[in-house]
Amino acid sequence: MPGKLLTIAEIAKQLDIPESTARFYRDRFEAFVPSVGEGRKKRYLPEAAEVLRFIAENFKRNATATEIEEALSRMFPRTVEFRDETAVTTAATQQQQVFVPSDQLHGLFTHLATAMQTMAEQKQEIAELRKRISDIEDEQACQLERSKRLDEAMAAILEVRKEIAAIREKENRPWWKRFLGK
């Protein structure tokens, strides 16, 4: 089914949720649901199903809409619409249109910078976690080595105790058994 455009009803059926719920999720988190077309001809990319599945699962876990939106911004790209108008416009309108995309680009760059900052922080956190894991593994290796040495020492102590017990038993035998060598 890759590449096939889906309706909201098809996505709701895939996710086994009511269509009204899928529409609510779509409307509430519209910036993250990739779509093509407008109005009744609007269709959704297969990735939209994954976005809506993520939203549904988080609502089931009692996450707030704000928490879900923050998680979506970390995991999924935002959908940005650029409308191509073919109507004849006046010079003043054309000048105004030049500023609108730059505002949109500024917003996109701001979002991109935020995403890159988040990625850098996550990368640093991953490096710290890897170091912690390495330290824990090293500590476990040291503890395992200590444990092996303790086991060897305990085995040696037990052997010495057996020898001592055997010597004491020989000394505690009656004199005639010691004399006869029994």
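Excluded from the calculations below are hydrogen atoms, water molecules and symmetry mates; all remaining heavy atoms, backbone and side chain alike, are included.
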### Task
Ignoring hydrogens and angles, tell me if any N or O in the side chain of Thr114 forms a donor-acceptor pair with the backbone of Thr110 under 3.5 Å.
yes
### Query
Within the distance-only criterion (no hydrogens, no angle test), does the side chain of Ser134 pair as donor or acceptor with the backbone N or O of Arg130 below 3.5 angstrom?
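Side chain of Ser134 to backbone of Arg130, a donor-acceptor pair under 3.5 Å: no, none is there.
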### Query
Is a side-chain donor-acceptor pair under 3.5 Å present for Glu10 with Gln14?
no
Is it true that, when you exclude [X] itself, more than 12 heavy atoms of the residues, nucleotides or ligands shown sit nearer than 6.0 Å to its [atom1]?
X	atom1	value
Arg168	CZ	no
Glu125	CD	no
Glu169	CD	no

### Message
Less than 4.0 angstrom from a charged side-chain N to a carboxylate O is my criterion; do Lys60 and Glu57 meet it?
### Response
no
### Query
Would you call Asp27 and Arg23 a salt bridge, taking side-chain N to carboxylate O under 4.0 Å as the test?
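Result for this pair is no, no salt bridge flagged.
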### Query
Hey, does Val160 have a side-chain heavy atom less than 4.5 Å from the side chain of Ile164?
yes
## Note on the structure
Distance col, row Phe54:CZ vs Phe32:CZ, nearest 0.5 angstrom, shows 10.0 Å
### Query
What distance separates Leu108 CG from Leu112 CG, expressed to the nearest 0.5 Å?
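One finds 8.5 Å between CG of Leu108 and CG of Leu112.
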Taking all atoms of both residues into account, what is the closest heavy-atom pair of [X] and [Y], and its distance?
X	Y	answer
Ala22	Leu52	O-CD2, 4.2 Å
Val51	Pro34	CG2-CD, 4.4 Å
Ala48	Ile11	CB-CD1, 4.0 Å
Ile8	Glu19	CG2-OE2, 4.0 Å
Leu5	Val36	CD2-CG2, 4.3 Å
Arg43	Arg40	NH1-O, 3.2 Å

### Task
Please work out which of the three classes, parallel, tilted or perpendicular, describes the rings of Phe24 and Phe59, given edges at 30° and 60°.
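Answer is tilted, since the angle falls between 30° and 60°.
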### Task
Kindly work out whether a path of hydrophobic side-chain contacts (I/L/V/M/F/W/Y, heavy atoms less than 4.5 Å apart) joins Tyr44 to Met75.
yes
